[in-house]
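Each remark here refers to the structure printed beneath this line.
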Amino acid sequence: MLRLFDTVHGEIRPLVLREPGHLSMYVCGPTVYDLPHLGHGRFTLVWDVARRWFTFQGLTVRFVSNITDIDDNIIGRATREGTTESAVAGTYEDEWWKAMAAIGVARPDDVPHATAYVEGMVALIAQFLADDVAYVTSDGLYFDVRRVPDYGLLAGQPLESLRAGARIETNDEKRSPLDFALWKFAKPNEPFWPAPFGDGRPGWHTECVVMSLDLLGDGFDLHCGGFDLKFPHHENERAQAVAANRPFAQHWGHNGWVMVGDQKMSKSLGNFTSLTDMLERTDARAYRLLVLRSHYRSPIEVSPTTIADAERGLARLDALARRFNLPALAGSSFVRRDEFSFAGASQDLVNRVADVLDDDLNTPVAVAELFEALSIANALADGGDDDAAQSLAQTIAVLFASLGLAVDGAADVSDDDTQALVDARDEARGSKNWAEADRLRDVLVAEGWIVEDSPTGTLIRRP
RNA sequence: GGCGGCGUGGCCGAGCGGUUAGGCAGGGGCCUGCAAAGCCCCGUAGUCCGGUUCGACUCCGGACGCCGCCUCCA
């Protein structure tokens, strides 16, 4: 039984599926107007891990995540750069998928684009207008939040107290400060779509409700995103579904953010590191391991120190993979529990890991279990119990793969000259010519290799 | 102002009312021709003040500090 924290109820609850064995989940995706930053990396990793784990446990998961390809920021960038909105969106969507591939985040089953759903949004807004849930102002159409009696459910507070805290309102045409734009009328030279109530473009909150319901249907299972989307974005999606009389997400999941020092990383604070930059100097798997080592609802500290820490841990996993010749299992495809058979200590490990992951995706405890098992596997091999060690090591690789982390025991390729040095060193060692063997090792080290002795001779790899 | 979260050892980061989290870094040892990798052992905790309890890092209350949402934001 899978359990997951649900924001509406504020507690961990069973994930009740609309259709047993099938999980429908929607994750709010990026607005493509700039390079993805570490915060995007975190939310995509968190929900990729969830998707993979649910799949491992036997569920058929339909994973939908959108691309917002029309928005004020995109228009702003296109104007500044003298190009078109679709060019900006195209450029940064490409960057997005490149970064996703690099961190091993699997492609969603469906990737709806906002611009492909405008017709559906127009229809919904027209219905709101007819029902007097929407109203027209000089710059667009707004949603009247007072028409939704339980507005504020996801925020955990009623409309009145939200309103009390609302900051200075610049638009006094709005009926309530919390009313949000459904549709923005096009200003000169802005892109627009035709609509009976005036040409323009959709507001951000409307696209996700239309796309999620269109692809996943009424009452889909799980809707996810960063904590900062809880309110107002997710609340506004939900409010529209309520107003449209459509059952919406049954379970809401929100992940914690990336901290820089003691501040949230965000675009508006300007304190972000782009994912693209980080990947240039880090093994992407280290970021996944870093994410796995804290709970998905907690903030994580991403700094050169914490990344280096994760890289060292990763090196131990790779050393295990080398020692036991483990296959790299994770990648674009998923692993499933029923593809493997486990016994003895391996079965116990799977059970322990499954217990904690099934309970609100407790990845830090799962990782702790796996590192403990890693020591045991090495100790078994040191003691000559090769079969037990191999089985346990294999299971560790499978379980990490179930979370999308590929252990990598592959030797780094070297050229013929390097191989000649390796061969010469083995020869020198064979004849106990230690001085020559050490000299050759120094040469290899000077060329940037890590040199290790093994029963089969000299092994070299890159740091 | 409203709502929510957090404060753990040098750093990161969990669980748990009493029994080892885990990782990284550090110290000692084993293995190794020497290293590396690996294994074993070790230390340093729970912001502060009260309360409940036989016993609290873990529950309750308070204080202090920090963060976030209420505005675009993953």
Side-chain angles (χ1 to χ4, degrees), chain A residues 7 10 27-31 36-47 71-73 152 154-158 160-170 177-178 180 204 224-233 235 254-259 261-269 272 289-290 293-295 297-303 305-316 318-320 322-323 356 362-372 374-383 429 432-435 437-438 441-442 445 450-454 458-461:
Chain A
T7 304
V27 179
C28 286
T31 300
H37 61 68
L38 295 181
H40 295 108
R42 159 91 125 167
F43 94 79
T44 51
L45 281 167
V46 161
W47 301 114
D71 143 277
D72 291 358
N73 288 309
L154 278 166
Q157 45 185 339
E160 304 74 55
S161 60
L162 284 166
R163 198 187 304 187
R167 310 206 181 158
I168 296 165
E169 188 48 51
T170 53
L178 291 164
F180 56 91
W204 179 44
C224 308
F227 263 123
D228 44 4
L229 294 190
K230 193 161 66 170
F231 191 91
H233 181 58
E235 183 62 38
H254 292 99
N255 60 275
W257 35 70
V258 171
M259 305 294 287
D262 53 10
Q263 273 190 320
K264 176 192 172 198
M265 175 176 290
S266 74
K267 294 292 286 186
S268 47
L269 289 169
F272 59 92
L289 184 58
L290 184 59
R293 286 201 317 200
S294 67
H295 191 89
R297 287 191 280 118
S298 302
I300 54 169
E301 173 99 27
V302 181
S303 69
T305 307
T306 60
I307 288 184
D309 184 324
E311 283 181 312
R312 296 279 306 152
L314 189 62
R316 278 186 75 196
D318 286 347
L320 185 86
R322 278 198 306 282
R323 180 174 193 175
V356 296
N362 196 337
T363 56
V365 172
V367 169
E369 291 282 0
L370 289 167
F371 269 93
E372 215 159 340
L374 177 150
S375 290
I376 293 168
N378 276 314
L380 285 168
D382 286 352
R429 291 190 73 230
K432 297 196 191 302
N433 184 351
W434 306 128
D438 289 351
R441 176 166 59 197
D442 289 343
V445 169
I450 290 174
V451 180
E452 284 179 25
D453 292 342
S454 80
T458 297
L459 292 180
I460 56 168
R461 64 190 161 89

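If you're wondering where the values come from, they're calculated on a predicted model, not measured in any experiment. Letters go in sequence order (proteins before strands), and every chain restarts at 1.
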- Query: Is A:D453 side chain donor-acceptor paired with the B:A35 base, going by distance under 3.5 Å alone?
  - Reply: yes
- Message: Looking only at the side chains, is there a donor atom on one of A:N378 and A:R323 sitting less than 3.5 Å from an acceptor on the other?
- Response: yes
- Query: Which one, B:G23, B:A21, B:C34, comes nearest to the side chain of A:E372?
  - Reply: B:A21
- Message: In whole Å, measure the gap between the C1' atoms of B:A14 and B:G46 for me.
- Response: 13 Å
- Item | Interatomic distance, A:H254 NE2 vs B:G5 P [rounded to whole Å] | 15 Å
- Query: How far does the C1' atom of B:G10 sit from the matching atom of B:A25, given to the nearest Å?
  - Reply: 7 Å
- note: A:L178, atom CG; B:U71, atom C1'; distance rounded to Å ~ 11 Å
- Item | Contiguous pairing runs of three or more, Watson-Crick or G-U under 3.5 Å, that involve RNA chain B | B:1-7 with B:64-70, B:10-12 with B:22-24, B:26-30 with B:38-42, B:47-51 with B:59-63
- Item | Gap in Å between the two C1' atoms, one belonging to B:G15 and one to B:A21, rounded | 7 Å
- Query: Within the structure shown, what part of the strands sits under 4.0 Å from A:T44 by heavy-atom distance: base, sugar-phosphate, or nothing?
  - Reply: nothing
- Message: The side chain of A:D309 is closest to which nucleotide in this list: B:A36, B:C3, B:C11?
- Response: B:C11
- Distance, C1' atom - from B:U53 to B:G38, rounded to whole angstrom: 46 Å
- How many Å lie between CG on A:L269 and P on B:U71, as a whole number? 16 Å
- Task: Could you measure between the two C1' atoms, the one in B:G9 and the one in B:C49, and give it in whole Å?
- Result: 22 Å
- Task: Side chain of A:Q157 only, please: which of B:A74, B:C3, B:A36 is the nearest?
- Result: B:C3
- Message: Under 5.5 Å centre to centre and under 30° between planes: does that hold for A:W434 and the six-membered base ring of B:G33?
- Response: yes
- Message: Quick check: on RNA chain B, is the nucleotide nearest A:S294 upstream (toward 5') of the one nearest A:R312, or the reverse? Name the residue that is more 5'.
- Response: A:S294
- Are the side chain of A:T7 and the backbone of A:L154 linked by a donor-acceptor contact shorter than 3.5 Å? no
- Between B:A74 (C1') and A:R297 (CZ): distance, integer Å: 17 Å
- Over how many whole Å does the gap from A:D228 atom CG to B:C69 atom P extend? 7 Å
- In plain terms, say whether A:R429 and A:D453 are close enough for a salt bridge, that is, a side-chain N and a carboxylate O under 4.0 Å apart. yes
- Distance-only donor-acceptor test, A:R441 side-chain atoms vs B:A35 base atoms, 3.5 Å: yes
- Separation of B:C34 atom P from A:N433 atom CG, nearest Å, is 16 Å
- Message: With a 4.0 Å limit, can you tell me whether A:T31 has a side-chain N or O closer than that to the phosphate oxygens OP1/OP2 of B:C72?
- Response: no
- Looking across every strand, which nucleic acid part, if any, lies under 4.0 Å from A:V46 by heavy atom: base, sugar-phosphate, or nothing? nothing
- Message: Students often get this wrong, so: under 4.0 angstrom with heavy atoms, is A:S303 touching a base, only sugar-phosphate, or nothing?
- Response: nothing
- Message: As a test of reading the structure: which of B:G23, B:G33, B:A74 is closest to the side chain of A:W257, going by heavy atoms?
- Response: B:A74
- Message: By the 4.0 Å heavy-atom rule, please label A:M265 as base, sugar-phosphate, or nothing.
- Response: base
- Item | Atom P, compared across B:G55 and B:C3: separation rounded to whole Å | 35 Å
- Task: Check whether any side-chain N or O of A:T306 sits under 4.0 Å from OP1 or OP2 of B:C24, and answer yes or no.
- Result: no
- What integer distance in Å separates A:M259:CE from B:G13:C1'? 15 Å
- Task: Quick one: label A:E301 by what it contacts on the DNA or RNA (base, sugar-phosphate, nothing), any heavy atom closer than 4.0 Å.
- Result: sugar-phosphate
- Euclidean distance for C1', B:G43 against B:C60 (whole angstrom): 34 Å
- With rounding to whole Å, what would you report as the distance between B:C31 and B:C39 at their C1' atoms? 8 Å
- Query: Counting only N and O atoms by type, is there a donor-acceptor contact under 3.5 Å from the side chain of A:E235 to the main-chain atoms of A:G152?
  - Reply: yes
- Any A:K230 side-chain nitrogen or oxygen under 4.0 Å from OP1 or OP2 of B:C70: no
- Item | Lys/Arg-Asp/Glu bridge criterion (N-O < 4.0 Å) met for A:R312, A:D309 | no
- Item | Side-chain-base donor-acceptor pair under 3.5 Å for A:N362 and B:G15 | no
- Message: Within the 4.0 Å heavy-atom criterion, would you say A:G39 contacts the bases, only the backbone, or no part of the nucleic acid?
- Response: base
- Sugar-phosphate only, base, or nothing, as touched by A:R429 at under 4.0 Å among non-hydrogen atoms: base
- Which part of the nucleic acid, if any, lies within contact of A:H233, taking any heavy atom under 4.0 Å across all strands shown: a base, the sugar-phosphate backbone alone, or nothing? nothing
- Message: If you only use heavy atoms from C-beta on, which nucleotide in B:C69, B:A74, B:C11 is closest to the side chain of A:T305?
- Response: B:C11
- Residue A:R316, side-chain atoms from C-beta onward, closest of B:A35, B:C39, B:C70: B:C39
- Walking RNA chain B from its 5' end, the first of A:I376 and A:A155 to be reached, judged by nearest nucleotide, is A:A155
- Reckon A:G41 touches a base, only the sugar-phosphate, or nothing at all at heavy-atom distances under 4.0 Å? nothing
- Message: What contact category does A:N378 fall into here, base, sugar-phosphate, or nothing, at under 4.0 angstrom with non-hydrogen atoms?
- Response: sugar-phosphate
- Query: Rounded to whole angstrom units, what separation is found between the NZ atom of A:K267 and the P atom of B:U71?
  - Reply: 21 Å
